[in-house]
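What follows is a set of notes on a single structure, which appears directly below.
Order of appearance sets the numbers: ligands from 1, and atoms from 1 within every ligand.
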Amino acid sequence: MNSSMKRNPPRAGVLFAFEGIDQSGKKTLSALLMERLKQVGIQGEIISFPDYTTPIGRELKFYLAGEREYPPQTRHLLFAANRWERKRDIESWLQGEKVVLANRYVASGVAYGMAHGLEKDWLWNLEEGLPKPDQTFLIDIPPQVSFARKMKERDLYEEQTDLLKRAREAYLDLASEGHWAVLDGTREMESVFSDLFGGVMEILSSRGYKIRPSPRTHP
Ligand code: DGP
């Protein structure tokens, strides 16, 4: 996270963000995590960005399908605005002591923006004021693994190997700056999940969450 960004105001919940290029496993991992959190008695919500259900999200869907054209800054403003559309929901979940799992969040805007040659500080500024993640997990895979996992029906960005390469590099750069947890997403899902779950439990315990013993130790 950008060190120049102000600290989060006190809040009761915890926000985890999952980042990575397409097909890294973010959605599967966050769904598994939510299931396990419920088993140990923790309430949570999952939110995915882009959120295609909002007015701006619907516009982004047209854009990603190649049906709209925008100058680079305009489209990055739209991606950021889509997160701002859901700010109140995220805040109210956090105030309700929920654990919020975000599939892509502020760092997607910065990583993909950097991959398109935009300035990092300008991109971070678009996200300033949104709730900050307590921890960002980067599920790291190289573009060739992304392509091997999904060969057809890729969106405008997914089709571009060079863009994915630059987005991955930007993510790794942001991860080292922001002290994110980087997980090797090329491994079996169980192994990635086990590391993720360990990291999440450690943070939740340190934040005073009551964790009910669960009979299951694997997804
Ligand atoms: P997804 O629904 O996760 O497959 O995302 C759709 C595409 O949009 C994907 O290729 C990555 C890109 N993307 C996601 N979030 C952002 C963002 O905030 N900014 C930009 N420029 N691209 C994004």
Side-chain angles (χ1 to χ4, degrees), residues 1-2 5 15-31 33 46-87 90 101-133 136-175 178 180 185:
M1 182 62 58
N2 185 359
M5 290 176 88
L15 172 57
F16 293 116
F18 298 92
E19 297 287 352
I21 62 169
D22 310 280
Q23 305 305 315
S24 52
K26 302 178 292 294
K27 270 198 181 141
T28 309
L29 288 165
S30 56
L33 179 59
I46 297 190
I47 187 162
S48 293
F49 289 106
D51 174 356
Y52 299 111
T53 67
T54 68
I56 290 170
R58 284 192 283 279
E59 188 56 29
L60 283 170
K61 201 168 181 77
F62 284 124
Y63 165 70
L64 287 166
E67 293 172 32
R68 294 276 199 279
E69 278 186 30
Y70 287 111
Q73 285 85 351
T74 311
R75 58 180 191 247
H76 289 280
L77 285 164
L78 287 175
F79 277 106
N82 184 233
R83 286 181 280 277
W84 281 88
E85 286 182 295
R86 301 299 310 274
K87 176 181 188 245
I90 298 173
L101 309 183
N103 270 320
R104 294 196 181 281
Y105 192 48
V106 293
S108 278
V110 181
Y112 280 82
M114 285 169 69
H116 279 106
L118 297 176
E119 245 199 52
K120 186 158 51 172
D121 286 350
W122 183 80
L123 292 160
W124 273 125
N125 277 333
L126 304 182
E127 316 294 337
E128 181 65 53
L130 291 169
K132 293 175 188 28
T136 298
F137 292 93
L138 173 60
I139 320 300
D140 179 49
I141 58 166
Q144 49 284 26
V145 172
S146 171
F147 278 95
R149 288 180 182 172
K150 185 181 174 192
M151 294 183 170
K152 285 192 236 156
E153 291 173 16
R154 297 180 70 94
D155 68 34
L156 201 65
Y157 284 1
E158 288 173 330
E159 283 168 2
Q160 305 173 40
T161 322
D162 279 358
L163 177 72
L164 289 193
K165 196 165 162 273
R166 290 196 302 274
R168 183 198 187 199
E169 280 161 9
Y171 267 137
L172 289 168
D173 169 42
L174 296 170
W180 301 355

Which bit of [X] gets closer than 4.0 Å to ligand 1, counting heavy atoms only: side chain, backbone, both or neither?
X    : result
R104 : side chain
P50  : side chain
K26  : neither
R83  : side chain

Do R68's NZ or CZ and the ring of F62 fall within the cation-pi criteria of under 6.0 Å and 45°? yes
Check whether NZ of the Lys or CZ of the Arg K61 lies under 6.0 Å from the centre of the six-membered ring of Y52 and within 45 degrees of that ring's axis.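 That pair qualifies as a cation-pi contact.
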If we check salt bridge (charged side-chain N to carboxylate O under 4.0 Å, His left out) with D22, which of these qualifies: K27, R104, R168? R104
Test your reading of the structure: does Y52 have an N or O sitting under 3.5 Å from an N or O of ligand 1? yes
Passing option when T54 is tested against E85, R86, R83 for side chain to side chain donor-acceptor pair (under 3.5 Å): E85
Look at D173 together with R166 and state whether they make a salt bridge at an N to O cut-off of under 4.0 Å.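 Here D173 does not pair with R166 in a salt bridge, since their nearest N and O are not under 4.0 Å apart.
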Determine, step by step, whether F49 and L60 satisfy the side-chain contact (heavy atoms from CB on, under 4.5 Å) criterion, reporting the C-alpha distance in whole Å, the side-chain angles of both residues, the deciding distance to 0.1 Å, and the verdict. CA-CA 11 Å; F49 289 106; L60 283 170; over 6 Å; no
Check ligand 1 against [X] and write out every atom of the ligand that is under 4.0 Å from a heavy-atom position of the residue.
X    : result
L64  : 6 (C), 7 (C), 8 (O)
G109 : 17 (C), 18 (O), 19 (N)
D22  : 4 (O), 9 (C), 10 (O)

Within less than 4.0 angstrom of ligand 1, does K27 place any heavy atom?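 The answer is no, since K27 has no heavy atom less than 4.0 Å from ligand 1.
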So, for L123 and M114, which heavy atoms are closest and what is the spacing to 0.1 Å? CD1-N, 3.5 Å
